[in-house]
Amino acid sequence: MMSITLIRGAQVFAPQPLGVQDVLIAGSRIAAIGPSIDLHGEPVQIVDATNFLLLPGLVDSLVHFAGGGGEGGFHTRTPEMHLSEATLGGVTTLIGALGTDATTRSLPDLLAKARGLDNEGLSTYCYAGSYHLPACTFSGSITDDLVLIDKCIGIGEIAIADHRGAQLSAAELARAASQARVGGMLAGKSGMVSIHVGDGDSRLQLLHEVVDNSELPPSQFYPTHINRNQTLLDAGIVWCRRGGLIDMTTSTNEAFIAEGEIPAAAAIAQCLAKGVDVRQLSMSSDGNASLPVFDQHGELIGLEVGRTASLYDAFTELVQQHDVAIETAIQVVSTSPARHLKLASKGQITVDADADVLLVNPDTLAIDSVFARGKCLVRNGQALRRGTFETL
Ligand code: ZN
């Protein structure tokens, strides 16, 4: 029998503020939103949310959920992500990618992990490809992957301006992007090209060259790590003026900040202050990526692991430290990435959308409850469900 849950009296951000509303969840979908929903005695689970804000679940557009890294040798390969690492941070939708290593990591492994997390209650997708081109694919063709593999919604993260990248020409990148675009069109997907931007001096120059010399629009590309330093952020703002999208990375460490990385929330606040449309801005966690620390000669001298939950921390920082309104800040971590990636049932609280819902404390923004496709996975800030191999 379909489970029915009535969330009563929360202050709803859809992301636009809807005031105090009841939200009815039927199965995996939002069935109704209204000031006072009466079900005439039907048996439902009632959640009293009168002291909470209700927000759409977070959409994390870049997570290495099957593990990544390995840039310091085999012992530095990072572990897989566990379910509650996402749910306790309010993330209900994740897009997985390979990264540097497409030799000991594979797309079938990434897809299997995506399906596993899906079985455990999350919504997951993945990118074909890795840092390099020609892209590794499931089927031998980027276009075919997008058409034939349900969870495959684009390619990436393809590395540019990075010593670990394939040192691509604009023509090579344009060709791969065009294959993703056609596959996306045929399958009703975004066909997005996720771009890892390194700390090289060429910054976003290759993307400008591709757009200058092809028929591809800037919005085909989703460059991330734009908060790596101020010069790259400035280049990102120029890219936005051309109609592009930019993404900030929330996983960081003290060494990165000391070297000039701008905390993701501060970078978003800066873009908003400079007049960039919030719909062009997003943040992602880069969860389970290795966070390598290189010396001036490019030698690896340290390694840490990215956290998926850093995405919610950055959302909180955006509201509490940078005075960005909740209805704006939530777009950056939910509505905008869902729109860029053409995930129509994600990133909003509306009838027929997937019931990915957070209940949060209005004063501290601490997460109380997380519903993912209608199932309550977190309550009172505690995980109700753990991943299959997570220790309780
Ligand atoms: Zn990256």
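Both ligands and their constituent atoms are indexed starting at 1 by order of listing. Because the structure is predicted, anything quoted here is derived from the model rather than measured.
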For the pair H64 (side chain) and L98 (backbone), establish whether a donor and an acceptor sit closer than 3.5 Å, ignoring hydrogens and angles. yes
Does the pair D145/K189 count as a salt bridge with the N-to-O cut at 4.0 Å? no
Does Q220 reach the main-chain N or O of G191 with its side chain, forming a donor-acceptor pair under 3.5 Å? yes
Between R8 and D22, is there a salt bridge with N-O shorter than 4.0 Å? yes
Does a salt bridge link R373 with D356, judged by any charged N lying under 4.0 Å from a carboxylate O? no
Pair R115 + D150, salt bridge at N-O below 4.0 Å: no
Spell out the protein N/O/S atoms under 2.8 Å from the Zn ion (ligand 1) as residue plus atom name. E157 OE1, H196 ND1, H225 NE2
